[in-house]
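So the structure is just underneath, and the comments pick up after that.
These figures come from a predicted structure and were not determined experimentally.
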Amino acid sequence: IEKKDFGFNLAFGDFIKAEEMEKWVEESKTVLKSAPSKFGVVVDMRTLKPLPKDSQEVMESGQKLYKEKGLQRSAVIVDRALLAIQFKRLAKESGIYEWERYIASSEQSDWEKMAIDWVKNGIDPDKI
């Protein structure tokens, strides 16, 4: 968890067990105590392997925690366009698309700028 002027950078990579994900949630609770009332998050998942069900459940609780603490917008960076398309569909179905966008780093050389433009300024990468 890295503090930025827009909020936070998060990075998830490789295979993450539920215990490791729980450590992230606990660390997030501490960090979010001093978070501004509204903030954005850029999540780098370019090297993340598919999460087992128990890790997914812990991640969902972490996502809820960020939203409760003031998350306004988040941009999730994945490595492949297919993943971005799948996540966008899921986000629309689950109702989080309003504040979360998915960007495929393999398709966008300026993915980092696009992500920050979304979380800081609301410039929708899906409409560019």
With Lys113, which residues qualify under salt bridge (charged side-chain N to carboxylate O under 4.0 Å, His left out), at least two apart?
-> Asp117
Residue list, side chain to side chain contact (heavy atoms under 4.5 Å, CB included) with Ile96, at least two apart or on another chain = Ala91, Ser94, Trp99, Glu100, Tyr102
In terms of hydrophobic clusters joined by side-chain contacts under 4.5 Å, are Met59 and Leu83 together?
-> yes
Not counting sequence neighbours, which residues clear salt bridge (charged side-chain N to carboxylate O under 4.0 Å, His left out) with Glu107? List them please.
-> none
Not counting sequence neighbours, which residues clear side chain to side chain contact (heavy atoms under 4.5 Å, CB included) with Glu2? List them please.
-> Lys4, Asn9
Can you list every pair that meets ring pair (Phe, Tyr, Trp, His ring centres under 6.0 Å) and has a residue in residues 27-59, with sequence neighbours left out?
-> Phe8-Phe39
Go through the structure and list residues passing side chain to side chain contact (heavy atoms under 4.5 Å, CB included) with Ser105, not counting sequence neighbours.
-> Arg46, Ile77, Asp79, Trp111
Using side chain to side chain contact (heavy atoms under 4.5 Å, CB included) as the criterion, list what pairs up with Lys38, not counting sequence neighbours.
-> Gln72
Please report the C-alpha distance between Lys3 and Val31 in whole Å, then the side-chain angles of each, then the deciding distance to 0.1 Å, and finally whether the side chain to side chain contact (heavy atoms under 4.5 Å, CB included) criterion is met.
-> CA-CA 9 Å; Lys3 287 187 180 184; Val31 169; 4.2 Å; yes
Who passes salt bridge (charged side-chain N to carboxylate O under 4.0 Å, His left out) against Lys29, sequence neighbours left out?
-> Glu26
Step by step, work out the side chain to side chain contact (heavy atoms under 4.5 Å, CB included) result for Trp24 and Ile16.
-> CA-CA 10 Å; Trp24 165 70; Ile16 300 178; over 6 Å; no
In terms of heavy-atom contacts, Val119 and Ala75 come closest through CG1-N, 3.7 Å
When hydrophobic residues are tied together by side-chain contacts of less than 4.5 Å, even through go-betweens, does Phe87 share a cluster with Leu10?
-> yes
For residues 118-128, which residue pairs qualify under salt bridge (Lys or Arg N to Asp or Glu O under 4.0 Å), counting only residues two or more places apart or in two chains?
-> Asp5-Lys120, Lys88-Asp126, Arg101-Asp124, Arg101-Asp126, Asp124-Lys127
Separation of Leu48 CG from Phe15 CZ (nearest 0.5 Å) | 10.0 Å
Which donor-acceptor pairs under 3.5 Å do side chains of residues 60-70 form with protein atoms, sequence neighbours excluded?
from	atom 1	to	atom 2	distance (Å)
Ser61	OG	Val58	O	2.6
Tyr66	OH	Ser28	OG	2.8
Lys67	NZ	Leu71	O	3.1

Tell me, please, which residues at least two apart from Arg89 pass salt bridge (charged side-chain N to carboxylate O under 4.0 Å, His left out).
-> Glu93
For the student: nearest non-hydrogen atoms of Ala84 and Val78, plus distance | N-CG2, 3.6 Å
Rounded to the nearest 0.5 Å, the CG atom of Leu51 sits from the NZ atom of Lys17 at a distance of 13.5 Å
Could you give the distance from CD1 (Ile1) to OG1 (Thr30), rounded to the nearest 0.5 Å?
-> 8.5 Å
Ile103, Val43: one ILVMFWY side-chain cluster at the under-4.5 Å cut-off?
-> no
Of the non-hydrogen atoms in Ala18 and Ser55, which two are nearest, and what is the gap between them?
-> N-OG, 3.0 Å
Salt bridge (Lys or Arg N to Asp or Glu O under 4.0 Å) between Glu57 and Lys53, intermediate numbers included = CA-CA 6 Å; Glu57 290 169 359; Lys53 183 153 180 56; 3.6 Å; yes
Sorted by chain and residue number, the side-chain hydrogen bond (donor to acceptor under 3.5 Å, both in side chains) partners of Lys49 (sequence neighbours excluded) come out as none
